[in-house]
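Shown next, in structure tokens, is the structure this report addresses.
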Amino acid sequence: MSALTARSTYAALAAFLAGDAVASAIPVPYVAANMDAMGIPEDIRWAVPVAKAATALGLASVFRFPGAARLTTGLLTLYFAGALGIHLRVRNRIANIVPAVLLLLVFASMTVVGPDTGRSGVRAPAS
């Protein structure tokens with residue numbers, strides 16, 4: 001088992017995306033300024049935290065539904081590819097582009113290898 005296939009990695013990334021969804025929903029001033037810089041229209045910004053919250057749930061499903069978690073990493077690969085394209089189109093700062101690139105690479109790699117489906121360290125459901 002590698003770090004990319006570990007269920008704990010899926011859980012940690014789910015927590016990260018849940019926090020990011022909250023930061024996008026508020027929005028935190030830095031996040032709002034970044035959305036302004038990328039030209040995301042006000043009337044569709046509500047979709048960003050909704051998508052991030054949905055993907056957090058998808059990643060967290062790894063414990064019961066590893067296939068759904070793998071599908072989620074594939075969708076996140078597409079999301080971050082699109083985000084990277086937008087960052088590049090508007091010539092955003094490198095500090096804003098690097099996280100999109102890293103997350104794109106992480107989720108693409110996770111999609112290729114998929115989650116560990118072994119039962120090590122996971123309790124069986126109570127009868």
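When the side chains of ILVMFWY residues are joined at heavy-atom separations under 4.5 Å, either directly or via intervening members, Val101 and Phe80 end up in a single hydrophobic cluster. There is a path of hydrophobic side-chain contacts, each under 4.5 Å, that joins Leu104 to Leu88. No path of Ile, Leu, Val, Met, Phe, Trp and Tyr side chains, each step under 4.5 Å between heavy atoms, connects Leu78 with Val113, placing them in separate hydrophobic clusters. Linking ILVMFWY residues whenever their side-chain heavy atoms come closer than 4.5 Å, directly or via other members, leaves Leu75 and Ile44 in distinct clusters. By the rule that hydrophobic residues join a cluster once side-chain heavy atoms approach within less than 4.5 Å of another member, Val90 and Met35 end up as members of one cluster.
Nearest heavy-atom pair, Pro49 versus Trp46, reported as atom, atom and distance to 0.1 Å: CD-O, 3.3 Å. The two atoms that bring Ser61 and Ala69 nearest to each other are OG-N, 3.6 Å, heavy atoms only. A pairwise comparison of heavy atoms in Ile97 and His87 identifies CG1-CB, 3.7 Å as the closest pair.
Of the residues Thr55, Val112, Thr111, the one that meets the side-chain contact (heavy atoms from CB on, under 4.5 Å) test with Thr73 is Thr111.
With rounding to the nearest 0.5 angstrom, the CG atom of Leu102 is 10.5 Å from the CG atom of Leu84. For the atom pair Thr77 OG1 and Leu105 CG, the distance stands at 9.5 Å (nearest 0.5 Å). To the nearest 0.5 Å, atoms CZ (Arg7) and OG1 (Thr117) are separated by 7.0 Å.
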Residues 8-16, side-chain donor-acceptor partners within the protein, below 3.5 Å, at least two apart:
from : atom 1 : to   : atom 2 : distance (Å)
Thr9 : OG1    : Ala3 : O      : 2.4

Distance-only donor-acceptor hits, side chain of residues 22-29, under 3.5 Å, sequence neighbours excluded:
from  : atom 1 : to    : atom 2 : distance (Å)
Ser24 : OG     : Asp20 : O      : 3.0
Ser24 : OG     : Lys52 : NZ     : 3.3

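Residues Leu17 and Leu76 meet the side-chain proximity criterion, which asks for heavy atoms closer than 4.5 Å. Here the side chains of Asn92 and Asn34 are in contact, with some heavy-atom distance below 4.5 Å. Under the 4.5 Å side-chain criterion, counting only non-hydrogen atoms from C-beta, Thr72 is not in contact with Phe65.
No donor-acceptor pair under 3.5 Å is formed between the side chain of Arg70 and the backbone N or O of Pro115.
Asp36 is linked by a side-chain hydrogen bond (donor to acceptor under 3.5 Å, both in side chains) to Arg45, counting only residues two or more places apart in sequence or in another chain.
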